[in-house]
2 protein chains.
Amino acid sequence: MNELQKRLETYKRLGLKLTPQRLAILEYLENTREHPSAEDIYNALKDRFPSMSFATVYNTLEVLIEKGLVKELSIDSSKKRFDPFLHSHHHFICKQCGKIFDVERNFDILIPEELKEFEVSDFQVVFSGLCPTCKKK
Amino acid sequence: MNELQKRLETYKRLGLKLTPQRLAILEYLENTREHPSAEDIYNALKDRFPSMSFATVYNTLEVLIEKGLVKELSIDSSKKRFDPFLHSHHHFICKQCGKIFDVERNFDILIPEELKEFEVSDFQVVFSGLCPTCKKK
DNA sequence: TGACAAAATAGAAAGTGTTTTTATATTTAA
DNA sequence: TTAAATATAAAAACACTTTCTATTTTGTCA
Ligand SMILES: [Mn+2]
Ligand SMILES: [Mn+2]
Ligand SMILES: [Zn+2]
Ligand SMILES: [Zn+2]
């Protein structure tokens, strides 16, 4: 089963209609580790879909998030970034260029005592500093 | 030395001009653990300064961040939140009500091997789930 | 296949939070 | 007290996101 067939399956399974725009958005997300913003996605696809609108990108992201296929990152305070990799992982953000990198290492963090009244469902470690490229300058 | 005098000192030391608006912003920040947004600050002060503008709030926050007296949090993707507590600490954000709580416990996280080409200057642990109030509902 | 209902699209407008601009006012140092 | 430097309010501009609506596309079923 090839990649396209998988995407077809994915949308069908979720009861979503198949549209070329949706398939392209999922394809783009699956093939990037760049944690793109909505605009990045729009720009990447506008050659193939010259009439594509931002509303479609945002709508599609909304349903993908709702269905749990994409996660929204709040690491960059200027805009939302999207991550199609659902496995537990963490991130590094470069203070200079803003790029976000995956950190795959697992951390054994035990829920601190002070949160015992809370219902903790998740945690994220966000490292920051300079990426290799910005470090050299 | 009282609180006001300390704030006077603080601004003087940084070479910033003393204005009632600035003093009030610093006072508000020093007395809250709510991680307020710019609008929260504005709302908290508009009774005392009915003519206060958003620009003043944003300008003041900008210089305070520049001078290292306040940290900007990127935990809430819908708006920036501000934290005047500079000591190393972490956070919990409630997925329901959006409130941000401090987590004072220290975590011994060693910089993972995969970041050895990076210059890591900081890390933040962000827990998420439900706060005690939202948990009960 | 063709017709229909439901859902998605493009494009524009509106909504939010943030930043910039400008004329005026205040602060500080001389 | 005066002058220069800086901060202010108010409005406009801006960037990102959401909403609206007319039109098109999709999936279903005859
Ligand atoms: Mn990731
Ligand atoms: Mn805090
Ligand atoms: Zn970088
Ligand atoms: Zn809550």
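The chains referred to below are lettered A, B, ... by the order of the sequence lines, with proteins before strands, and numbering in each begins at 1.
Going from atom NZ of B/K80 over to atom P of C/dT16 covers 19 Å, rounded to whole Å. When rounded to the nearest whole Å, the span between CD1 of A/I25 and C1' of C/dT9 equals 11 Å. Going from atom CG of B/L8 over to atom C1' of C/dT28 covers 14 Å, rounded to whole Å. Atom CG in B/L14 sits roughly 14 Å away from atom P in C/dT28 (whole-Å rounding). Atom pair B/N59:CG and C/dT27:P shows a separation of 16 Å (rounding to whole Å applied).
The residue B/Q21 sits close only to the backbone: its heavy atoms come under 4.0 Å of sugar-phosphate atoms, none of a base. Residue contacts for B/E39: at a heavy-atom cut-off of 4.0 Å it reaches the sugar-phosphate backbone alone, with no base atom in range. If you check every strand for non-hydrogen atoms under 4.0 Å, B/K79 touches sugar and phosphate atoms only. Within 4.0 Å (heavy atoms only), B/S78 reaches sugar-phosphate atoms of the nucleic acid but no base atom.
Summarising the geometry, atom NE2 belonging to A/H35 is positioned 4.0 Å from atom CG belonging to A/D83; distances are rounded to the nearest 0.5 Å.
Along DNA chain C, the nucleotide nearest to B/L16 and the one nearest to B/Y58 differ in position, and the one closer to the 5' end is contacted by B/Y58. Between B/L18 and A/T19, the residue whose closest nucleotide on DNA chain C is further toward the 5' end is A/T19.
Taking the six-membered ring where the residue is Trp, B/F123 and B/H90 present parallel rings, their angle staying beneath 30° rather than reaching 60°. A/H87 and A/F85 have perpendicular rings, their planes meeting at more than 60° on a 0 to 90° scale where under 30° would count as parallel. Using the six-membered ring where Trp is involved, B/F92 and A/F118 have ring planes that are perpendicular, over 60° apart on the 30 and 60° scheme.
Residues of residues 42-57 of chain A that place a heavy atom closer than 4.0 Å to DNA chain C, in numerical order, are A/S51, A/M52, A/S53, A/A55, A/T56.
Other residues, nucleotides and ligands contribute at most 12 non-hydrogen atoms within 6.0 Å of the NZ atom of B/K12.
Taking 4.0 Å as the cutoff to heavy atoms of chain B, we find the contact window on DNA chain D bounded by D/dA5 to D/dA10.
Pairing each heavy atom of A/G129 with each of B/S121, the nearest pair is CA-OG, 3.5 Å.
Defined by atom type and a distance below 3.5 Å, a donor-acceptor pair is missing between the side-chain atoms of B/S51 and B/K46.
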